[in-house]
Number of protein chains: 2
Amino acid sequence: MKYYDPKRFRSQDSLGYLSKMAHSLMHDCADEILAGHEISFMQWIAMRKLREGLALTASELCRAMSHDNGALTRMLDQLEAQGFLQRQRSEEDRRVVTLKLTAKGERKLDEVTALVVGRLNEVLENFTRGELDELTRLLKKLIGSLQDWRAQRDGEAA
Amino acid sequence: MKYYDPKRFRSQDSLGYLSKMAHSLMHDCADEILAGHEISFMQWIAMRKLREGLALTASELCRAMSHDNGALTRMLDQLEAQGFLQRQRSEEDRRVVTLKLTAKGERKLDEVTALVVGRLNEVLENFTRGELDELTRLLKKLIGSLQDWRAQRDGEAA
DNA sequence: CAACAATATTTGCTTAGGCAAATATTGTTG
DNA sequence: CAACAATATTTGCCTAAGCAAATATTGTTG
């Protein structure tokens, strides 16, 4: 089934363009409220993932965030230097480094989460609960489709 | 009305995280298909905007794409150097530079659009028409809210 | 067990993005 | 009209992201 047609294609309606815009504007919006709070939007997401137990190591974070390996190492370097994070070499598998928020990191995360959540609620003023839930569901579905597509491609390559 | 609560917040469900992921994966997906076709995903969006008449100048493109001024100038430099684009100083207002795709640019755009649209359709295989329309509508609404929020903030500052 | 593939992390290098200042031009206002 | 604010584009500088190679370690297979 074909949704988009090259002849009638309008960038305004394309998910490629729309997801770029949503991300750019969200990022700006978050950065603005985080300015002066020592961590960036990306660092906030990383810290959330650690707090929520969705990632324990750098490579898990990379996968969970679709983020670059090298960029992540350097982001973690910063968080560690700021005292928000501790790295510890795992004993079971000496390749992996286990990540853990420090008490200071936990406090910072709580402080910043309150700000970001407040801002999100502000921006979503005109959304009904149903709309927000549906947008969330459909974005997750889109993300899932893209991940499946990539997994399938990588599977074929190997 | 408050949708998100700092105590119960889960990054998995937050539009900040979800829009970042959707964009990252979309971008990767598009870049992959554009590899070897001389232009990047961002350049493709810029060319589409020009083609569709949604932007005639660099600053219009910046607004239409939420993109950085400096980055855009350099992106246009590339397109011009590749012969896909012409710049022409406007006569009415000598500050502005009018942008126009060359014949070569038009051809390249058609070629590449077909590829990207094909890939989009592939990825959206499991979406119903209704889901796609609703996702599109809600993303536009989100983008609008974020733009309004920013306009309001800038209005207050001035 | 030796050779090799796979995984985790880090580092170096290159490119793109973000921000502020510089330049040029236009509109506005006392 | 002179001074000043606003807009359009470009440039320089810095930080962050992307990519490939390096290192270390583990798992697999002949």
Side-chain angles (χ1 to χ4, degrees), chain A residues 20-21 23-32 34-36 38-46 55-81 85-99 154-155 157-158, chain B residues 20-21 23-25 27-32 34-36 38-46 55-81 85-99 150 154-155 157-158:
Chain A
K20 186 261 186 284
M21 288 294 285
H23 173 247
S24 283
L25 292 164
M26 272 284 184
H27 197 280
D28 289 355
C29 184
D31 270 359
E32 200 244 16
L34 289 178
E38 301 177 294
I39 63 172
S40 71
F41 182 50
M42 283 301 139
Q43 288 176 318
W44 174 70
I45 294 181
L56 296 175
T57 70
S59 52
E60 282 171 13
L61 267 181
C62 285
R63 280 190 292 268
M65 299 173 66
S66 269
H67 204 66
D68 179 71
N69 272 359
L72 195 73
T73 292
R74 285 177 275 256
M75 179 207 283
L76 297 176
D77 288 345
Q78 285 183 19
L79 288 175
E80 195 177 25
L85 179 83
Q86 272 191 332
R87 277 175 164 121
Q88 189 169 7
R89 182 67 61 177
S90 161
E91 289 305 322
E92 297 112 52
D93 182 341
R94 294 189 45 72
R95 287 169 303 182
V96 323
V97 175
T98 315
L99 305 173
D154 291 349
Chain B
K20 184 260 187 283
M21 287 294 285
H23 173 248
S24 283
L25 292 164
H27 197 281
D28 289 355
C29 184
D31 271 359
E32 200 244 15
L34 290 177
E38 299 177 293
I39 63 172
S40 70
F41 182 50
M42 285 298 137
Q43 288 176 318
W44 174 69
I45 295 182
L56 296 175
T57 69
S59 52
E60 283 171 13
L61 267 182
C62 286
R63 280 191 292 269
M65 300 174 66
S66 263
H67 204 66
D68 179 71
N69 272 357
L72 195 73
T73 291
R74 284 176 277 254
M75 180 206 282
L76 296 176
D77 289 343
Q78 285 183 19
L79 288 176
E80 197 177 25
L85 179 82
Q86 272 191 332
R87 278 173 163 121
Q88 189 168 7
R89 181 70 59 179
S90 162
E91 289 305 323
E92 298 112 51
D93 183 342
R94 295 190 43 72
R95 288 170 301 182
V96 322
V97 176
T98 315
L99 305 173
R150 195 171 58 177
D154 292 349

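Keep in mind it's a predicted model, so treat the numbers as computed, not measured. In what follows, chains are A, B, ... by sequence order, proteins preceding strands, each numbered from 1.
Residue B/Thr73 is in base contact, counting any heavy-atom pair closer than 4.0 Å across all strands shown. Across all strands, A/Ser40 comes closer than 4.0 Å to no nucleic acid atom at all (heavy-atom distances). Across all strands, B/Gln78 comes closer than 4.0 Å only to sugar-phosphate atoms, never to a base (heavy-atom distances). Residue contacts shown for B/Met42 are limited to sugar-phosphate atoms, with no base heavy atom under 4.0 Å away.
OP1 or OP2 of D/dT10 lies within a sub-4.0 Å distance of a side-chain N or O belonging to B/Arg87. Proximity of B/Thr57 to the phosphate of D/dA8: no side-chain N or O atom is located under 4.0 Å from OP1 or OP2. Listed pair B/Arg63 / D/dA8 meets the phosphate criterion, a side-chain N or O lying under 4.0 Å from OP1 or OP2. Here B/Ser59 reaches the OP1 or OP2 of D/dT9: one of its side-chain N or O atoms lies under 4.0 Å away.
B/Arg95 contributes a side-chain N or O that forms a donor-acceptor pair with the base of D/dT7 under 3.5 Å. For A/Arg94 and D/dG27, a side-chain-to-base donor-acceptor distance below 3.5 Å is absent, hydrogens and geometry of angles not being considered.
Atoms CZ and OG1, on A/Arg87 and A/Thr73 in that order, are 6.5 Å from each other to the nearest 0.5 Å.
Each of A/Asp77 and A/Asp28 was assigned the nucleotide of DNA chain C with the nearest heavy atom; the assignment lying further toward the 5' end belongs to A/Asp77.
Judged by distance alone, the side chain of A/Glu60 and the main-chain N or O of A/Leu56 form a donor-acceptor pair under 3.5 Å.
In the displayed structure, B/Glu32 atom CD is contacted under 6.0 Å by more than 12 heavy atoms of other residues, nucleotides or ligands.
The side chain of B/Asp93 lies closest to C/dT25 when the candidates are C/dG17, C/dT25, D/dT25. If you check D/dG12, D/dG18, D/dT10 against the side chain of A/Asp68, the one that comes closest is D/dG18. Which of D/dT9, C/dT9, C/dC13 sits closest to the side chain of B/Ala58 comes down to D/dT9.
The heavy-atom pair separating A/Lys20 from B/His23 by the smallest distance is CA-CD2, 3.4 Å.
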